[in-house]
Amino acid sequence: MTELSSPCVNFSETSFDEFLETRREPAWLLSLRRAAWQTYCDGDWPTRSDEEWMRTDLRSFRLERFAPPMAGGGSLRVDGLLSRNVELAGNVASADGSLVEQHLADEVRQQGVLFGDWESMLEEHGDLLRPYLEKPLVESSYDKFASLHAAYWTGGRVLYVPRGIVIKQPLHSISAMGDGKTDLGRTLVILEEGAEATLLTETASSDESATGFHCGCTEIYVGPRARLRFVNLQNWGLGVWHFSQQRVRVGRDASLQWTTATLGARLSQVNQHVVLAEPGAESQVNGVLFTEGKQHATCNSLQHHAATDCRSDFLYKSALQDTSRTVWRGMIKVDQCAQRTDGYQRNDNLLLSTRARADSIPGLEIEADDVRCTHGSTSGRVDEELIFYLQCRGFTRKEAIRTVVTGFFQQIFDRITIESVREAMSNAIARRVRDYE
Amino acid sequence: MADVLKIENLHVHVEGKPILRGVNLKLVRGETHALMGPNGSGKSTLGLAIMGHPKYEVVEGAITLNGEDLLERSPDERARSGVFMAFQRPVAIPGVKMADFLRHAATNVRNPDRKEGAELMPMRDFRRELKARMSELKMDVEFARRYVNDGFSGGEMKRAEILQLAMLQPKFAILDETDSGLDADAVRLASESIAEIGGKEMGLLIITHHDKLLEHNPPEFTHVMLGGRIVETGSRELADELHNLGYDRIRATYPDDEVENRTLLDKEKAGV
């Protein structure tokens with residue numbers, strides 16, 4: 001941690017002032033950034049005595065190797081996995097934190113839907129967005145990465161769907177990053193009462209082994225009776241450092257279906273919190289992790305029941321190859337007022353090598369008395385009897401392992417209602433599975 | 001020349017312990033052989049050793065297909081050479097649909113040189129064929145959408161094994177108690193099915209305790225295993241005798257093998 005504590009020229013007082021000068025943003029936003037920078041300067045980097053970082057090794061992370069993203073910096077175009085074979089209502093693509101292209105179907109735009117990069121959105125709809133930035137779901141003081149993000153964030157996308165508007169076709173957004181670059185993207189999604197939308201977001205690097213630094217934030221508001229299907233795929237190069245704060249607030253009788261996949265990055269540290277804020281809210285979170293080499297992926301998940309009659313369903317499945325490691329710390333928190341809560345969480349891990357390691361730490365924190373909460377986790381290796389059986393039917397050993405791994409994830413794929421997404425994820429995983437030791 | 005599967009002086013160890021002690025058997029394609037014997041005599045072990053189960057170590061002897069060494073080949077290569085076993089206890093493969101599994105299996109077995117990742121057989125052709133086979137076996141089409149053996153009843157599992165046999169049309173098939181765990185109607189259906197899907201075109205090695213399966217698939221040869229050896233080979237009448245009178249005569253005639261069989265059975269029971 002000594003390296004992290006030492007002064008960093010790229011993210012310094014001077015460079016921050018220079019950064020602010022390049023921002024063509026309203027004064028209120030610049031002052032939010034300054035406040036966050038102060039929080040950043042005052043804060044300490046997380047250490048292994050912090051619960052969320054206990055199993056994460058940051059020793060080889062060097063902030064000074066990365067520079068704040070420059071406006072108009074990136075031009076890299078990468079084809080997304082999630083946008084294949086699907087007709088999209090809109091698309092926003094960025095590279096190294098700068099907009100590359102954006103598009104929104106006219107008929108959707110005419111309904112008052114906003115979908116685009118921050119720059120144009122702030123320019124035209126600053127008043128709408130201001131309260132969400134002033135009172136964010138992710139506090140800039142959450143940890144030092146969160147403060148860094150709040151001070152320096154650039155790029156990302158905003159989706160706003162007005163009351164009662166239903167967008168049938170999915171919207172898509174990709175963040176691409178070149179080797180050694182930085183992405184401090186921010187995602188804001190607002191669905192007003194009764195609105196419906198599907199948003200597919202993904203990340204990609206210039207190549208499979210690319211390095212880079214992502215420190216991002218996703219904030220989602222699902223209004224009363226609104227329905228959001230949200231898919232996010234983290235598919236950075238295997239040298240990327242990925243730090244992400246993700247929050248969703250689900251309103252009265254609203255529903256969220258969130259599918260998240262972690263395939264890339266050398267280190268991925270994600271905080272994924274869903275707050276069921278009003279009575280009758282529902283959330284389903286499906287997580288897919290596939291790690292290999294020396295990858296490390298930590299997910300701290302929270303299902304927070306803050307109102308009565310809410311349901312949360314959380315299922316994470318990881319398959320681990322080589323010496324990779326996953327850590328899942330899951331919590332169901334039920335407030336005293338949140339009677340008739342129905343909470344479920346489960347994490348299954350499939351170890352594809354004897355040297356891989358998966359830690360599952362489920363947790364319950366219940367203050368109400370009329371609740372139903374269940375949790376569980378399993379970890380195991382691929383059963384040799386399954387491989388033998390498949391081989392007896394002509395599958396090569398490698399095909400057999402791939403089949404077993406794909407089958408392991410099928411329970412999650414079965415829940416993904418968008419066929420193209422299901423196929424993209426299944427193929428992306430199958431491609432990576434090698435022979436089993 | 002008919003295809004020949006030949007097992008010569010086969011000795012197999014499991015976790016260092018001898019299970020098979022010199023098995024000789026010659027199957028010619030088109031013949032049906034019944035393999036009988038009390039529990040623990042090594043019948044399933046023989047089947048699994050022929051398929052190349054990694055836990056079954058061949059310490060002596062040979063298995064050849066048309067003179068070519070099968071022991072050198074991996075289980076999938078053996079399957080692609082045309083050797084099949086219907087498992088006594090098939091394993092469940094959660095998340096893998098029967099249809100996808102069968103399409104991949106049929107593609108590989110029919111194109112032994114197929115490279116990984118190469119196209120599977122056309123979906124239309126496959127579906128048509130699968131539908132026809134399932135209808136012959138009086139199976140509901142819904143079956144194809146279920147996960148392989150996952151939550152199947154004992155009877156469903158056995159029928160799924162027969163469906164695989166029908167789709168893969170091997171040269172040689174070992175049927176390991178494909179009739180056990182079934183009610184009388186199901187046994188009759190299974191027996192008829194095996195005959196119908198071309199059992200006569202294959203070389204069949206039928207491991208069974210029942211007579212129904214053999215009634216529909218009459219064996220030219222009956223082999224009796226005891227203590228890891230084939231102690232007697234006879235005709236159809238031998239199977240009838242064993243079925244009607246049990247193994248008392250066999251046990252009395254081959255006391256040394258009987259001792260060996262008891263030892264093996266005790267070990268099996270003790271979970272060794």
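Within every chain, numbering begins at 1; the chains are lettered A, B, ... in the order of the sequence lines, protein sequences first and strands thereafter. In what follows, every heavy atom counts, from backbone to side chain, and hydrogens, waters and symmetry copies are set aside. Just so it is clear, the model here is predicted, and its values are computed rather than measured.
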Classify the side-chain pair A/Gln272/A/Tyr316 by whether it contains a donor and acceptor separated by less than 3.5 Å. yes
Would you call B/Arg145-B/Glu142 a salt bridge at under 4.0 Å N-O? yes
Options A/Glu399, A/Arg393, A/Gln391, ranked by heavy-atom pairs under 4.5 Å with chain B, top entry: A/Arg393
Is there a donor-acceptor contact under 3.5 Å linking the side chains of B/Thr32 and B/Asn217? no
Are a donor atom and an acceptor atom from the side chains of B/His33 and B/Glu31 found within less than 3.5 Å of each other? yes
Assess, by modelled atom type and distance only, whether the side chains of A/Asn232 and A/Thr201 contain a donor and an acceptor separated by less than 3.5 Å. no
Just to be sure I understand the criterion: a residue of residues 100-110 of chain B counts if one of its heavy atoms is under 4.5 Å from a heavy atom of chain A. Which ones qualify? B/Phe101, B/His104, B/Ala105, B/Asn108, B/Val109
Would you call A/Arg432 and A/Glu292 a salt bridge, using N to O less than 4.0 angstrom? yes
Which atoms of B/Gln164 come close to chain A, meaning under 4.5 Å heavy atom to heavy atom: side chain ones, backbone ones, both, or neither? side chain
When you compare the side chains of B/Asp76 and B/Ser74, does any donor N or O come within less than 3.5 Å of an acceptor on the partner? yes
Counting only non-hydrogen atoms closer than 4.5 Å, does B/Met85 touch chain A with its backbone (N, CA, C, O), its side chain (CB onward), both, or neither? backbone
Sort by residue number and list every member of residues 407-416 of chain A having a non-hydrogen atom under 4.5 Å from chain B. A/Gly407, A/Phe408, A/Gln410, A/Asp414
Determine the minimum heavy-atom distance between B/Gly61 and B/Leu71, stating which atoms define it. O-CD1, 3.7 Å
Structural part of B/Asn111 lying under 4.5 Å from a heavy atom of chain A: neither
Any donor-acceptor pair under 3.5 Å linking the side-chain atoms of A/Ser255 with those of A/Glu282? no
Among B/Gly117, B/Ala79, B/Pro54, which has the most heavy-atom pairs under 4.5 Å with chain A? B/Ala79
Let's test your reading of the structure: which of B/Met167, B/Arg80, B/Arg78 forms the most heavy-atom pairs below 4.5 Å with chain A? B/Arg80
One thing to verify: whether A/Glu87 and A/Lys168 come together as a salt bridge, which I'm taking to mean a side-chain N less than 4.0 angstrom from a carboxylate O. no
Please answer whether the main-chain N or O of A/Ser353 pairs with a side-chain N or O of A/Arg381 as donor and acceptor at a distance below 3.5 Å. yes
Polar side chain donor-acceptor pair, A/Ser318 to A/Asn349, under 3.5 angstrom: yes
Which atoms of B/Pro170 are under 4.5 Å from chain A, going by heavy atoms: the side chain, the backbone, both sets, or neither? neither
Please check if any side-chain donor atom of A/Asp179 sits under 3.5 Å from a side-chain acceptor atom of A/Ser206, or the reverse. no
